[in-house]
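Data first, discussion second: the structure below is written as structure tokens.
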Amino acid sequence: MATEQNEMTTDHGALTTTGGNSCENLSCYLVLSDTEKNIITWICCFTGSATFLENILVLVVIGASARLRKRPSYLFIGSLAVADVLASSFFPIFFLEFHLLGHRDNSDVYLFKLGGVTMAFTGSVGSLLLTSMDRYLCIYKAPRYKLLLTRRRALFGIVALWTVTIVISFLPLIGWRCREKPPCSQLFPYVDPNYMSCWAGLMLVVLVLILVAYVLILRKAHHHEAVMEARTPGRSTMGQRNRMRVDIRLARTLGLILLILVLCWVPSLTIMVVDVSRTLTRKEQRVFAFCGTLCLVNSAVNPLLYALRCRELRRALLNLLKRVRRVCTRGTGVCVSGQKKDNDDGQNENKDKDTLSESLDRLHLD
């Protein structure tokens, strides 16, 4: 009895996926019903637009503030915003073009577009890792934090991150792709399952590192409050209450960050790993399409968690809006370039602290 072979042509030819199911013109990847297409279209359009506007706002505020541009923490947030802007631009267009419009590109064009999406999401998760490591150093290496993490080193870390991200994302286009008679991926045409499993495994490792970093931060904050309570006589009752408040506040913030990361990324990564080990059903393929949109949702939530929760950045945003309004209402009422130098956050810029970043600075041991 002749065995069936798994074959894929380089362009629009016949595709036979694992299990021997014939796939003409990539039709086996178009699994969504009309209702599912409408739902995903709404999610992509709404979430993509919101993500783009939120992150552009973050980049404008950071770029307009000389003080924020000098701080490594906000450089990492800026890198995260750039990645999420790319995700909000590439993912909806690529996803809707393929699944909604049924547009079929040849292998090189498809892998180039997929590489752009992969680059955006890889850069986003990588920037989250840089942000978590920044907070870790801020807590565990408090006396030497400013010496260890200078602006130059932060920029070097960002450049290194994006260099590695670009190389990893476009490996399928360079040559690590599904060629003649491979066990091709059932989720992405022309993609080698080994590449997909390596990428999914890398993302899972990064998520675990982020999880460990924030758990250690919470542990250090709890330990510091206990030490401060023991050092100060007569504050045992009040100290316990303050420590509880700090622990609860940090636990809620960090718990929310980790919960969103897990909910948005683990489902997609899990299905990618399963795709390598066995044949996926059409239902599982449809589930993956919806799970993919959760990664875009994570990009929409990132500015709210990492940027706009910071009082210093919100203060810079308000000052920027005030300057714009002042220029717009001056004289003729026509908006022109402002004359004043950016005074950043005003006379009281050091009175408030970030809800996550600089609130952790207050927990440093003397």
[Y] and [X], any side-chain heavy atoms less than 4.5 Å apart:
X	Y	result
P92	L296	yes
F94	C44	no
M196	V191	yes
N302	I77	no
E54	L57	no
M119	V167	no
P172	Y190	no
S73	R135	yes

Looking only at the aromatic ring of each residue, does the gap between the centers of F91 and F121 stay below 6.0 angstrom?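 They qualify: ring centres under 6.0 Å apart.
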Decide if the gap between the ring center of Y110 and the ring center of F188 is smaller than 6.0 angstrom.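 Y110 vs F188: aromatic centres not under 6.0 Å.
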When clusters are formed from ILVMFWY side-chain contacts under 4.5 Å, directly or step by step, what else is grouped with [X]?
X	value
V262	V266
L263	L259
L294	none

For residues [X] and [Y]: do they belong to one hydrophobic cluster (side chain heavy atoms under 4.5 Å, members Ile, Leu, Val, Met, Phe, Trp, Tyr)?
X	Y	value
L216	L148	no
L258	I217	yes
L256	L129	yes
I93	V109	no

Any donor-acceptor pair under 3.5 Å linking the side chain of S277 with the backbone of V274?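 It does hold such a pair.
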Least distance between heavy atoms, [X] atom then [Y] atom:
X	Y	value
A154	P72	CB-CB, 3.7 Å
A200	V273	CB-CG2, 4.1 Å
L280	Q186	N-OE1, 2.9 Å
P303	A300	CD-O, 3.3 Å

Would you please name every residue forming a ring pair (Phe, Tyr, Trp, His ring centres under 6.0 Å) with F156, sequence neighbours left out?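 Here no residue qualifies.
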Check ring pair (Phe, Tyr, Trp, His ring centres under 6.0 Å) between F76 and all other residues, then give those that pass, not counting sequence neighbours.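 So F76 forms no ring pair (Phe, Tyr, Trp, His ring centres under 6.0 Å) with any residue.
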I'd like to check the side chain to side chain donor-acceptor pair (under 3.5 Å) partners of D275; sequence neighbours left out, ordered by chain and number.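 Side chain to side chain donor-acceptor pair (under 3.5 Å) check on D275 returns S185.
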Going by the rule side chain to side chain donor-acceptor pair (under 3.5 Å), which residues pair with K113 if we only count those two or more places apart in sequence or in a different chain?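 In terms of side chain to side chain donor-acceptor pair (under 3.5 Å), with neighbours along the sequence ignored, K113 is linked to E97, D105.
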Listed once per pair and sorted, the side-chain hydrogen bond (donor to acceptor under 3.5 Å, both in side chains) pairs that draw on residues 195-210, sequence neighbours left out: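 Sorted pair list: T122-W199.
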Pairwise side-chain hydrogen bond (donor to acceptor under 3.5 Å, both in side chains) hits with a residue in residues 160-175, at least two apart: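 Of all non-adjacent pairs touching residues 160-175, those that pass side-chain hydrogen bond (donor to acceptor under 3.5 Å, both in side chains) are S79-W162.
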Inter- and intrachain pairs under salt bridge (charged side-chain N to carboxylate O under 4.0 Å, His left out), touching residues 286-305, at least two apart: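 Sorted result for residues 286-305: E36-R286.
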Identify, with sequence neighbours excluded, every residue that meets salt bridge (Lys or Arg N to Asp or Glu O under 4.0 Å) alongside E284.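 For E284, the residues satisfying salt bridge (Lys or Arg N to Asp or Glu O under 4.0 Å) (neighbours in sequence not counted) are R278.
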Give a yes-or-no answer on whether the side chains of Y145 and D134 include a donor-acceptor pair shorter than 3.5 Å.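 Y145 vs D134: donor-acceptor pair found between side chains.
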Mark yes when over 12 heavy atoms from residues, nucleotides or ligands other than F95 sit less than 6.0 Å from its CZ; otherwise mark no.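 Buried by this count: over 12 neighbours within 6.0 Å.
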For C45, all residues meeting side chain to side chain contact (heavy atoms under 4.5 Å, CB included), sequence neighbours excluded: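 Scan of C45 (side chain to side chain contact (heavy atoms under 4.5 Å, CB included), adjacent residues dropped) gives T41, L96.
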Single hit among S89, S127, S124 for side-chain hydrogen bond (donor to acceptor under 3.5 Å, both in side chains) with D84: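 Single pass found, and it is S124.
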Classify the ring geometry of F112 against F170: parallel below 30°, tilted from 30° to 60°, perpendicular beyond 60°.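 Tilted.
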